[in-house]
There are 2 protein chains.
Amino acid sequence: MEYTKKQMTIIEAAEKLFAEKGFEGASVRDIAHEANTNVSMISYYFGSKEKLMEAVFDRRMEGSRAQLEALYYDQSLTTFQKIYALIDAYVGKLTSQPYFNKIWMREQVESQSCVIADKIEGVRERNFAVINRIVKDGQELGEFKHEIDCSLMMALLIGTTNQVLNNAKHYRRKHDLEKMSDDDFRTHLKETLTSYLKTVFKALLTYEA
Amino acid sequence: MEYTKKQMTIIEAAEKLFAEKGFEGASVRDIAHEANTNVSMISYYFGSKEKLMEAVFDRRMEGSRAQLEALYYDQSLTTFQKIYALIDAYVGKLTSQPYFNKIWMREQVESQSCVIADKIEGVRERNFAVINRIVKDGQELGEFKHEIDCSLMMALLIGTTNQVLNNAKHYRRKHDLEKMSDDDFRTHLKETLTSYLKTVFKALLTYEA
DNA sequence: TTGTTTTATTCAAACGTTTGTTTGAACTTT
DNA sequence: AAAGTTCAAACAAACGTTTGAATAAAACAA
């Protein structure tokens, strides 16, 4: 374990407040209070507020690379199943990390910190590479059509998912799901969105306009 | 004209800096400097930094409601053409207002200000209402299929467009368009995205899974 | 037109808070 | 005894906003 319990408490408090108020909006005093600790502990353990943000990012990003690689090399899955598994993985990850998802959205708009921007760029690059290889495989096997823009397809996957999750309230109201419990609604939204995206992707990968 | 030249200069400087640094990240001194004026003019003309942000929003939102209504009532368009026109309008608006688009993205994640959150909610509500009516019309005419989720379709439109525009650099690199001029690239991206979304929407509206 | 009064704008300076970070002594754990 | 941790207090810098005097513009009476 890289971080102690105390450090993880601070990281989680920071994640929550960065998500709710933004990097500039959340003060180190807010974060320390949320983590039930002293202000100076942030500098003591992480060096600075910005380094703390980097720790928040690193914590959520480790492992996702290996997971993606494993998916690509999984022999038991067809190319179509790999794409579907990719959708499941994305929606699952964004759903299970709502705070971090908000931070990511905010920072990708225009990141102040070059370090963070580079991390985001790295993840984008790796994701694209995997999608690209899966799609190419599928095309060579004759399962997918020829004209597929992986950049736009990836943007559709991430953009739609984020938009839905950030406007979950709107969706809930429009579908009269307000009596449903929060947990049930989250599960329902996740399943609906996943199957929606799979339908869209099937069309994108096979339907000749 | 509601605002004087001087006030518009401040609003535009604010729009730029709020987009680049976020609401908390951009100081009133930054904004005043960008607008070549004194710090106190912001309080003098707008009352506060937050009211200035509201002015930035109001300026970009007026007129969009009427435009959307006009589109719906346009008798010369088929329902399909209306959907396509909607896509054109969206992509066009988001492309032509890159600064405001970034602000919108940031604020919709979790707006600090209730006033801004209400403005965003209002726009979402109106957009949804128009899409919903167009889709219902198309279904009654037998042009669209029955099972269409307007919430998800709207999320796909807005989410994908924003994701593409915010990652335009990535798209440009992946498609080897870096020798193209900025203007040409913008036009190219806009056209590619528009036609991509139209294809997706055609599938969403007619393709039975 | 004239001079005068009123209103609107501009600006440097200052206001009181809050910001991220550091300090140095006290306290725990090795 | 040594190293690691905690905390209230203090640090300078930056924050949004206000002030009050100086200037410009507009309105008005002669």
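Atom set for the values below is all heavy atoms of this structure, side chains included, hydrogens, waters and symmetry mates excluded. So you know, we letter chains A, B, ... as the sequences are listed, proteins then strands, and number each from 1.
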N/O to N/O distances under 3.5 Å, protein versus nucleotides 2-7 of chain D:
{"unit_1": "D:dT5", "atom_1": "OP2", "unit_2": "A:Tyr44", "atom_2": "OH", "d": "3.3"}
{"unit_1": "D:dT6", "atom_1": "OP2", "unit_2": "A:Tyr45", "atom_2": "OH", "d": "3.2"}
{"unit_1": "D:dC7", "atom_1": "N4", "unit_2": "A:Ser40", "atom_2": "OG", "d": "3.4"}

Can you list everything that forms a side chain to side chain contact (heavy atoms under 4.5 Å, CB included) with [X]? Sequence neighbours excluded, please.
X	answer
B:Thr79	B:Asp137, B:Leu141, B:Glu143, B:Phe144
B:His33	none
B:Ile120	B:Phe57, B:Trp104, B:Glu107, B:Gln108, B:Ile116, B:Arg124

Query - CD1-CG distance between B:Ile103 and B:Leu17, expressed to the nearest 0.5 angstrom - result: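 Result: 9.0 Å between the selected atoms.
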Requested in this report: Please say whether the positively charged group of A:Arg59, taken as NZ for Lys or CZ for Arg, lies over the ring of A:Tyr3, i.e. under 6.0 angstrom from the six-membered ring centre and within 45 degrees of the axis.
Outcome: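 No - A:Arg59 does not lie over the ring of A:Tyr3 by the 6.0 Å and 45° rule.
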Requested in this report: Quick one: sort the B:Tyr171 and B:Phe185 rings into parallel, tilted or perpendicular, breaks at 30° and 60°.
Outcome: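 Ring orientation of B:Tyr171 relative to B:Phe185: tilted.
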Requested in this report: Would you please classify the geometry between the B:Phe80 ring and the B:Tyr84 ring as parallel, tilted or perpendicular, with 30° and 60° separating the classes?
Outcome: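 B:Tyr84 vs B:Phe80 ring planes: perpendicular.
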Query raised in the report: Above 12 or not: heavy atoms from other molecules or residues under 6.0 Å from CD of A:Glu147?
Result: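 No, the 6.0 Å shell around CD holds no more than 12 heavy atoms from other groups.
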Check nucleotides 17-19 of chain C against the protein and report each pair of N or O atoms closer than 3.5 Å, with its distance, or say if there are none.
none

[N] [atom2] sits how many Å from [X] [atom1], rounded?
X	N	atom1	atom2	answer
B:His33	C:dC11	NE2	C1'	15 Å
A:Lys51	C:dT21	NZ	C1'	13 Å
B:Tyr3	C:dT9	OH	C1'	18 Å

Requested in this report: Go through the side-chain N and O atoms of A:Tyr90 and A:Asn127 and say whether any donor and acceptor fall under 3.5 Å apart.
Outcome: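 Yes, a side-chain donor-acceptor pair sits under 3.5 Å.
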Query raised in the report: Regarding A:Ser181 and A:Asp183, is there a side-chain donor-to-acceptor distance under 3.5 Å anywhere?
Result: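 No, no side-chain donor-acceptor pair sits under 3.5 Å.
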Query raised in the report: So what does the secondary structure string of DNA chain D come out as, 5' to 3', with Watson-Crick or wobble pairs under 3.5 angstrom, [ ] for crossing and | for pairs with another strand?
Result: ||||||||||||||||||||||||||||..
